[in-house]
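Side-chain atoms are counted along with the backbone in the values below, which use heavy atoms only and exclude waters and symmetry mates. Just so it is clear, the model here is predicted, and its values are computed rather than measured. Residue numbers run from 1 in the order of the sequence given.
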Amino acid sequence: MTPEIVSLGCRLNIAESERMKVMLADAGDVVVVNSCAVTSEAVRQTRQAIRKARRARPDARLIVTGCAAEIERDQLAAMPEVDGLIANDAKLDPRSWNVPLPVAPAPPTRTRAFIAVQNGCDHACTFCVIPQGRGASRSMAIAEVLREVEHHLDLGAKEVVLTGVDVTSWGHDLQDNPPLGALVGAVLDAFPRLARLRMSSLDGIEIDEKLFELFASEARLMPHLHLSLQHGHDLILKRMKRRHSRSDAVELVRRLKDRRPEIAIGADLIAGFPTETDEHHAANLSIIDELDIVHGHIFPYSPRPGTPAARMPQVDRALVKARAAEMRTGVAKRRAAWLTSLVGENLSILAERDGTGYAPNYARVDLADGTQAGALVEMTACGVEGGLLR
């Protein structure tokens, strides 16, 4: 049987899973669970995926890698379904899997290519265990990124997504400390044939002026900014050990929308962080409207052992869930109004395999039957149904 990669969590994991698919193409009957440990729920889903994979392929070798394989190593190793674990920082090394060298970059999915330009994190947010699973920040050199982009374009990719654990830290460990804008500019300059370049989640406080200018004026850099925001109240941001304030985020979005009004804002937000009061929650809720967040990832806080936040006074679990639900409702209302505002607009859609596609602003669109996956389709939005443009 052919190898199977089960990918959980972030876009970086997706990019790494694509490389592992190529690397393990001839590895035989093996299932790899590329795990996530960003929350307790993510670890639960990892365990669930392991059990499901074992039921589906009882005779396969089942290997676990990813962040949970680092942070929850002993617990996962004790699961009877698991045959072995591979360290997160070794999962792209063919020697870890006993497969031949060298390994070519992974082919893209039929719609887009995810390229991991950065890995690891040098920050110490009080709620986060990811630095334990990913290590210190490491950057891919510009020349390496360009080689991989070229490879994906040669294979027909229409969109490239630059991803990482803390993408805006890219370059900090390279000679001369180039900013992320230098990498993005180099990709766009080197490949005029690249139709669409998209960025994964960014730390707004580290967006340099070059990158800001590209977001504001470069049509091939998609008008879709997803912020690693986490909260809307300054005191909670301070207790999270984030480096930005609420006003920093508001000013960044204001400046961008002044230059490029169509830009769609996404954000990661945590509900029910330790010590969060009703006032703090109200500020968290209100930033959804203030920033016009239409792509919201809402996470109910869950304590991770070994993190400072786990030792802080906790909010009642039922209240955490209720606040997260209220925030999801707030995002859903903004998103519904935004989708309605797009009706009548002409949009270029990148078609997916499931009959939907994505506009440059990451609005999801229901496409006509028979639309070829990977095609760029020009259309006029005529309505909204089931959360999709039609």
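Remark: Arg243 engages Glu206 in a salt bridge, criterion side-chain N to carboxylate O under 4.0 Å. Under 4.0 Å is where a charged nitrogen must lie from a carboxylate oxygen, and between Asp292 and Arg334 at least one such pair does. A salt bridge is absent between Glu41 and Lys321: the closest approach of a Lys/Arg side-chain nitrogen to an acidic carboxylate oxygen does not fall below 4.0 angstrom. Between Asp234 and Lys238, no side-chain nitrogen of the basic residue sits less than 4.0 Å from a carboxylate oxygen of the acidic one, so the salt-bridge criterion is not met. No salt bridge links Glu81 with Arg57; every basic N to acidic carboxylate O contact stays at or beyond 4.0 Å. Comment: Arg47 does not engage Glu72 in a salt bridge, judged by the lack of any side-chain N to carboxylate O separation of less than 4.0 angstrom. The pair Asp93-Arg95 meets the salt-bridge criterion, with a side-chain N (NZ, NE, NH1 or NH2) lying under 4.0 Å from an Asp/Glu carboxylate O. A salt bridge is absent between Arg19 and Glu16; no separation between the charged side-chain nitrogens and carboxylate oxygens falls under 4.0 Å. Using a cut-off of 4.0 Å between Lys/Arg side-chain N and Asp/Glu carboxylate O, Asp316 and Arg323 are scored as not salt-bridged. A salt bridge links Arg254 to Glu251: at least one charged side-chain nitrogen sits closer than 4.0 Å to a carboxylate oxygen.
Note on Val165: it does not cluster hydrophobically with Leu162, by side-chain heavy-atom contacts below 4.5 Å among ILVMFWY residues. Linking Ile, Leu, Val, Met, Phe, Trp and Tyr residues whenever their side-chain heavy atoms come within less than 4.5 Å leaves Phe299 and Ile265 in two separate clusters. By the criterion of side-chain heavy atoms lying less than 4.5 angstrom apart, applied directly or through intervening Ile, Leu, Val, Met, Phe, Trp or Tyr residues, Met222 is not grouped with Ile263; the two fall into different hydrophobic clusters. Using a 4.5 Å cut-off between side-chain heavy atoms of Ile, Leu, Val, Met, Phe, Trp and Tyr, with links allowed through other members, Leu202 and Ile287 fall into the same hydrophobic cluster. Side-chain heavy atoms closer than 4.5 Å link hydrophobic residues (I, L, V, M, F, W, Y) into clusters, and following such links, even through other members, never connects Trp338 to Leu229.
When the side chain to side chain donor-acceptor pair (under 3.5 Å) test is applied to Thr340, no partner is found at least two apart in sequence or on another chain.
When all heavy atoms are compared, the tightest approach of Thr371 to Val377 is CG2-CG2, 3.7 Å. What you find for Arg198 and Ala359 is that their closest heavy atoms are NH2-O, 3.4 Å. Summarising the geometry of Gln118 relative to Ser169, their closest heavy-atom pair is NE2-CB, 4.4 Å, with the distance given to 0.1 Å. Considering every non-hydrogen atom in both Val315 and Leu319, the closest pair reads CG1-CD2, 3.8 Å.
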Please lay out, stage by stage, how Lys21 and Glu18 fare under the test salt bridge (charged side-chain N to carboxylate O under 4.0 Å, His left out). CA-CA 5 Å; Lys21 282 180 186 177; Glu18 289 299 315; 3.2 Å; yes
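No donor-acceptor contact under 3.5 angstrom links the side chains of Ser286 and Asp289, judged on distance only. At a cut-off of 3.5 Å, with distance as the only test, a side-chain donor of Ser17 or Ser7 sits close to an acceptor on the other residue. For the residue pair His172 and Asp122, no side-chain donor N or O sits within less than 3.5 Å of a side-chain acceptor on the partner. Thr380 and Asn346 share a side-chain donor-acceptor pair at under 3.5 Å. When only modelled atom types and interatomic distance are considered, Arg239 and His231 share no side-chain donor-acceptor pair under 3.5 Å. Ser302 and Arg44 share no donor-acceptor pair across their side chains, judged by distance under 3.5 Å alone. Between the side chains of Asn361 and His295, no donor N or O sits under 3.5 Å from an acceptor N or O.
Aromatic ring pairs are classed by plane angle as parallel below 30°, tilted from 30° to 60° and perpendicular above 60°; the pair Tyr362 and Tyr358 is parallel.
Heavy-atom neighbours of Arg260 CZ from other residues, nucleotides or ligands within 6.0 Å: above the threshold of 12.
Between the side chain of Ser139 and the main chain of Trp170, no donor-acceptor pair closer than 3.5 Å is present.
A side chain to side chain contact (heavy atoms under 4.5 Å, CB included) with Lys91 is found for exactly one of Val32, Ile63, Thr65, namely Thr65.
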